[in-house]
Amino acid sequence: MDAPLALEKWSGVISTVIIGAKKEEGGSRSNIIKIGGQSTLPLLFKEGAIPNKPKIAFEISDIAPYDFDEELTTAYGKAINDPLAWAEICVNKYKAELLCLKMQGTHPDFGNKSPQSAAKFISTLLSKVSVPLIIIGSGDDAKDNLIMPACSEAARGERCLIGCAVQDNYKTFTASVLADGHSIIAESPIDINIAKQLNILISDMGLSLERIVINPTIGALGYGLEYAYSIMERARLAALSGDKTLASPFICFVGQEAWRTKEAKTSPEQGIIWETLTATSLIQSGADLLVMRHPKAAQIVSSHIEALFKE
Amino acid sequence: MLIVGELINGMYSNIALALKNHDKKIVQTCVLEQITSGADALDLCCGPASQNPLIDMPWLVEVVQEVTDKPLCLDSSNPKVIQAGLKVARNKTIINSTTADVEKLDILIPLAKKYRSGLIGITISAKGIPQNKDQRLELAAMILNQVSEKGFPIAELYLDPIVMPINVAQNQIRDILETILEFKMISKPSPKTIIGLSNISQGARPRSLINRTFLTMAVASGLDSVILDPKDKELMDTLITAELILNKNIYCDSYLEAYRKK
């Protein structure tokens, strides 16, 4: 005899965040991406609604990447030295539906590009590819405060996802995102208390909680994945129990963490496996957006998502 | 924690006046103030000032429903007054209350079933107020039996141990706290627990300090819902903090604000 399923009734629902705006919405993207909207834990299809699948964003940067393993650079060929060509390969060859652009070249140590030059790059990229964009600063707080308003403005109306706002540096990000109609990534260092606090601080500036995506910060498989997993699970449980300040979708920077590990660097196959397994584990803990690097890993994870959602 | 605002009560002079003149503005303002302060539900009581509670209770229900869809606790010792309120209620309702007397339960349980209302069962009976934990539990068991026999869902039952004023029955307060804990173990699924908080400080002072100290202890004893003055900000802050310490909500530096954003 089949045992009856024990189904939980949740009072909360995760916000739905839309990335990208089509022409009729004031943007110029050919598609839009929807994430979040769940009223149950990951993959419990019989318990509640899971209207959107986890989505994969291909990670690119505005300069040739400095921290890409040889296997990664090989995967993209010569195009990796030309960020615009790299972006086009992701979209045209690997069918990326979303790009995550890191403005690495604006960092004082990696080119120190000016706000004008950063904005120009964004405009050019938007004209070259038609998929929605996630735009990430270089991580240098002082420089991000100069660069990101220019990038945000250059992409005004395109409903990008812009980050990463942190507790010490969220005001400029939030103001730009508010002014230009984007959504924001709020980053906390594997710390649920700070994640919650940052969401409140951002929403206090007038950006609604429905326009925030949490970057919980993750570790790759073998490097603290389980800590990220438990933080995400706890946040999700609180959100589903009605805590709106934690009811945001998650973005996970999978590629960056997986390819840092010594295991990934051991052999090309193992790198792909490491990135793939980190991503699939995070799907189980509630990841909504996976930022990935290797096209092969992205393709495997994409098929995996399709299989999970086949029912 | 279900927070039931206690301020729509004919015992208060503003509400007595509102009932006398059927001035809905006074009532609605008081409702909205309580909700802004954190009330999840509203107690409606005509009190002794009402000349005709059979008219005043449905009037209260109607005017409150004009401004909120939050649950309403229909508070009267007269089942006819409660029924008059239930008849016009569109919001979720909770009957406040039945005692552990068969004649009361025979009327109020069917009413609660008919109107899909929650039901508060107070552990007192026509024999008087219980003097200790065992007597309270005995009355609770009697209410539970009746509720089960009549097919009313236990999860919709709120047991109230009847809080006594500190200056009347100081020796009973520890028993009352323990009773709350034991109410949760009396059956599976457990009934909910509720108290009328302000009773603890009736005739005593400083009332607010006594209220919030007792509330903390009651929350730690497993209290699910409370009837209180939500406009007492220190009381509300204490409640939010007590629940935080019990891991009901996730900490952040702005946890008081976070709770109020919910």
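On a predicted model such as this, the values are computed, not experimentally measured, just so you know. Lettering follows sequence order; numbering is per chain, from 1.
- Counting heavy atoms of neighbouring residues, nucleotides and ligands inside a 6.0 Å radius, atom CE of B/Met217 does not exceed 12 of them.
- Under the rule for a salt bridge (charged side-chain N to carboxylate O under 4.0 Å, His left out), A/Lys34 has no partner lying at least two apart in sequence or in another chain.
- For B/Lys92, the NZ atom sits in a packed shell: over 12 heavy atoms of surrounding residues, nucleotides or ligands are nearer than 6.0 Å.
- Around atom CZ of B/Arg260, more than 12 heavy atoms belonging to other residues, nucleotides or ligands sit under 6.0 Å away.
- Residues that satisfy the side chain to side chain donor-acceptor pair (under 3.5 Å) test with B/Lys184, not counting sequence neighbours, are B/Asp224.
- With a 6.0 Å radius and a threshold of 12 heavy atoms from other residues, nucleotides or ligands, B/Lys104 has its NZ atom above the threshold.
- Taking a 6.0 Å sphere around CZ of A/Arg260, one finds it holds 12 or fewer heavy atoms contributed by other residues, nucleotides or ligands.
- At a heavy-atom separation below 4.5 angstrom, chain B is approached by A/Arg234 within residues 218-235 of chain A.
- Proximity to chain B among residues 173-206 of chain A is limited to A/Ile192, A/Asn193, A/Lys196, A/Gln197, A/Ile200, A/Ser203, A/Asp204, judged by heavy-atom separations below 4.5 angstrom.
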